[in-house]
Amino acid sequence: LAALARYAGDLVSRCAALQAAPLPGKAAGREDKVKAAYGALCAATAELSQATAGADRAAINSAVERVHSRYEEAAALLE
């Protein structure tokens, strides 16, 4: 769990950088949706980071699935 906690913390940092970065040209016309998707992804990474602070594997698994789902939603907006 310690390694997962480190990775979750790294995801939180990377997500903050993602939100601060300019949107790619692919996001033209969908800026609000992309920003909202990035926000949801970052909220999910923060939840994962919090979950890894404990030992509740069900909560951790659920948080991992949320991060994955939010990532896929954000990526789909940029296709």
Side-chain angles (χ1 to χ4, degrees):
L1 288 177
L4 182 57
R6 282 192 306 275
Y7 292 131
D10 187 45
L11 286 174
V12 169
S13 297
R14 289 174 185 262
C15 206
L18 176 67
Q19 286 189 298
L23 293 176
K26 294 179 182 181
R30 296 176 281 180
E31 292 88 351
D32 290 342
K33 287 183 180 182
V34 172
K35 287 181 182 182
Y38 284 1
L41 174 60
C42 291
T45 61
E47 290 173 16
L48 174 59
S49 183
Q50 291 172 350
T52 60
D56 182 347
R57 290 192 183 260
I60 293 169
N61 289 339
S62 179
V64 166
E65 290 299 321
R66 255 189 315 282
V67 168
H68 180 70
S69 295
R70 298 302 175 258
Y71 171 81
E72 287 183 332
E73 291 167 4
L77 290 171
L78 299 174
E79 290 181 351

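FYI, side chains are in, hydrogens and waters are out, and symmetry mates aren't considered; it's all heavy atoms of this structure.
- Here NE2 of His68 is found 10.5 Å from CD of Glu73. Values are rounded to the nearest 0.5 Å.
- In this structure, Ser62 contributes its side chain and Ala58 its backbone to no donor-acceptor pair below 3.5 Å.
- Minimum interatomic distance between Arg66 and Glu47 (heavy atoms only, all atoms of both residues): NE-OE1, 2.7 Å.
- Hydrophobic cluster of Val34: the remaining members, joined at side-chain heavy-atom separations below 4.5 Å, are Leu1, Leu4, Leu11, Leu18, Leu23, Tyr38, Leu41, Leu48, Ile60, Val64, Val67, Tyr71, Leu77, Leu78, listed by chain and number.
- Residues passing the side-chain contact (heavy atoms from CB on, under 4.5 Å) test with Asp10, sequence neighbours excluded: Arg14.
- For residues 11-55, the disulfide (SG to SG under 2.5 Å) pairs, not counting sequence neighbours, are Cys15-Cys42.
- Nearest heavy-atom pair across Val12 and Ser49 is CG2-CB, 3.9 Å.
- Side-chain atoms of Glu31 come within 3.5 Å of backbone atoms of Gly29 as a donor-acceptor pair (strictly under, hydrogens ignored).
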